[in-house]
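One-based numbering along the sequence shown. The structure displayed is predicted, hence computed values, not measured ones.
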Amino acid sequence: MTGAAADGDRIRLDPSWKARVGEYLKREDMQSLRTFLRERMHKGAHVFPPAPQIFSALDATPFDQVKVVILGQDPYHGLGQAHGLCFSVQHGTAVPPSLVNIFKELQRDLGIPPPTHGCLDHWAQQGVLLLNAVLTVEEGRAGAHQGKGWEGFTDHIVEALNREREHLVFLLWGSYAQAKGKMIDTNKHRVLKAPHPSPLSAHRGFIGCGHFSKTNDYLARHGMTPIDWRLP
């Protein structure tokens, strides 16, 4: 979030989101975050994703088109991995272990063979908001930007969706996402919980959770087009 990427008036962001978060980006704590990011980069830190992609999740999935929300923690911290969508990596990048397990559950649940890449743009374009709680990280330092202000901003996003929309599906994988999702009104929305797809916990119930078929069943029951989880 540097330069134009941190400016509520100039940010490259879908207008439906800009109307809801533009003022928040001008808050003092967000300006402090902006200063922190500039200082880290000035000191030579490699911050991911690149500044133009920090808000890619919001830009790819307009507010009124959101059907499903997947909450991640913070971006991948390897070179060339993070591009602004949680769990997703760019074409040509090896599929990370957590995403391998997501693909395993997709195959088990819906019979979809694992794709040859890990870019989840196709999901985002259909209304799956792939939102990390923290939108930046530093190379080789997982969690480096936690507690710097991003969590309040992404809480603001979840609160807006909870308040203004109805019949959304929230997929909360792991204790971190589940804690962040406590504000969600389960009378208005469908909340599905499972362990994180990390190799450390996927065997404790993520594999077998059936979240992809359950999501599509819920969307269909409420008159919405189900998600095509296959990746082209």
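- Qualifying side-chain hydrogen bond (donor to acceptor under 3.5 Å, both in side chains) partners for T93, counting only residues two or more places apart in sequence or in other chains: none.
- Not counting sequence neighbours, the partners of N187 by the side chain to side chain contact (heavy atoms under 4.5 Å, CB included) test are D185.
- In terms of the side chain to side chain contact (heavy atoms under 4.5 Å, CB included) criterion, residue partners of E39 (sequence neighbours excluded) are, by chain and number, T35.
- Contact annotation: the side chain of Q81 never approaches that of Q90 to less than 4.5 Å [non-hydrogen atoms, C-beta and beyond].
- Every salt bridge (charged side-chain N to carboxylate O under 4.0 Å, His left out) that R27 has, sequence neighbours left out, goes to D29.
- Distance CG/D74 to SG/C86: 11.0 Å, rounded to 0.5 Å.
- Side-chain atoms of Q31 come within 3.5 Å of backbone N or O of L25 as a donor-acceptor pair.
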Donor-acceptor list for residues 192-199 side chains, cut-off 3.5 Å, not counting sequence neighbours:
{"from": "H196", "atom 1": "ND1", "to": "S198", "atom 2": "N", "distance (Å)": "2.9"}
{"from": "S198", "atom 1": "OG", "to": "L200", "atom 2": "N", "distance (Å)": "3.1"}

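- In terms of the salt bridge (charged side-chain N to carboxylate O under 4.0 Å, His left out) criterion, residue partners of D155 (sequence neighbours excluded) are, by chain and number, K180.
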Output side-chain donor-acceptor pairs under 3.5 Å for residues 42-57, partner residues at least two apart or in another chain, one line each.
{"from": "H46", "atom 1": "ND1", "to": "E139", "atom 2": "OE1", "distance (Å)": "2.6"}
{"from": "S56", "atom 1": "OG", "to": "Q53", "atom 2": "O", "distance (Å)": "3.0"}
{"from": "S56", "atom 1": "OG", "to": "H83", "atom 2": "O", "distance (Å)": "3.4"}

Query - Q73/Q146 under side chain to side chain contact (heavy atoms under 4.5 Å, CB included): CA gap, chis, key distance, verdict - result: CA-CA 9 Å; Q73 191 160 347; Q146 291 180 12; 3.3 Å; yes
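- At a threshold of 4.5 Å between side-chain heavy atoms, the hydrophobic network of Ile, Leu, Val, Met, Phe, Trp and Tyr places L168 and L171 in two separate groups.
- For Y176, there are no ring pair (Phe, Tyr, Trp, His ring centres under 6.0 Å) partners, not counting sequence neighbours.
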Query - ring-ring contact (aromatic ring centres under 6.0 Å, His included) assessment of W173 paired with F87 - result: CA-CA 11 Å; W173 299 335; F87 292 108; 5.7 Å; yes
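- Within the 4.5 Å cutoff, the side chain of L172 has no heavy atoms near those of the V69 side chain.
- A 6.0 Å sphere centred on CD of E28 holds no more than 12 heavy atoms belonging to other residues, nucleotides or ligands.
- When side chains are defined from C-beta on, D64 does not count as touching V66, because their heavy atoms never get closer than 4.5 Å.
- Residue pairs that meet the side chain to side chain donor-acceptor pair (under 3.5 Å) test with at least one member in residues 118-129, sequence neighbours left out, are H122-Q126.
- By the 4.5 Å heavy-atom criterion applied to side chains, V21 and F63 are not counted as neighbours.
- H203 pairs by the ring pair (Phe, Tyr, Trp, His ring centres under 6.0 Å) definition with nothing, not counting sequence neighbours.
- Under the ring pair (Phe, Tyr, Trp, His ring centres under 6.0 Å) criterion, F170 pairs with H189, sequence neighbours left out.
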With a 3.5 Å cut-off and sequence neighbours excluded, list the donor-acceptor pairs that the side chains of residues 111-120 form with protein atoms.
{"from": "H117", "atom 1": "ND1", "to": "C119", "atom 2": "N", "distance (Å)": "3.1"}
{"from": "H117", "atom 1": "NE2", "to": "P232", "atom 2": "O", "distance (Å)": "2.9"}

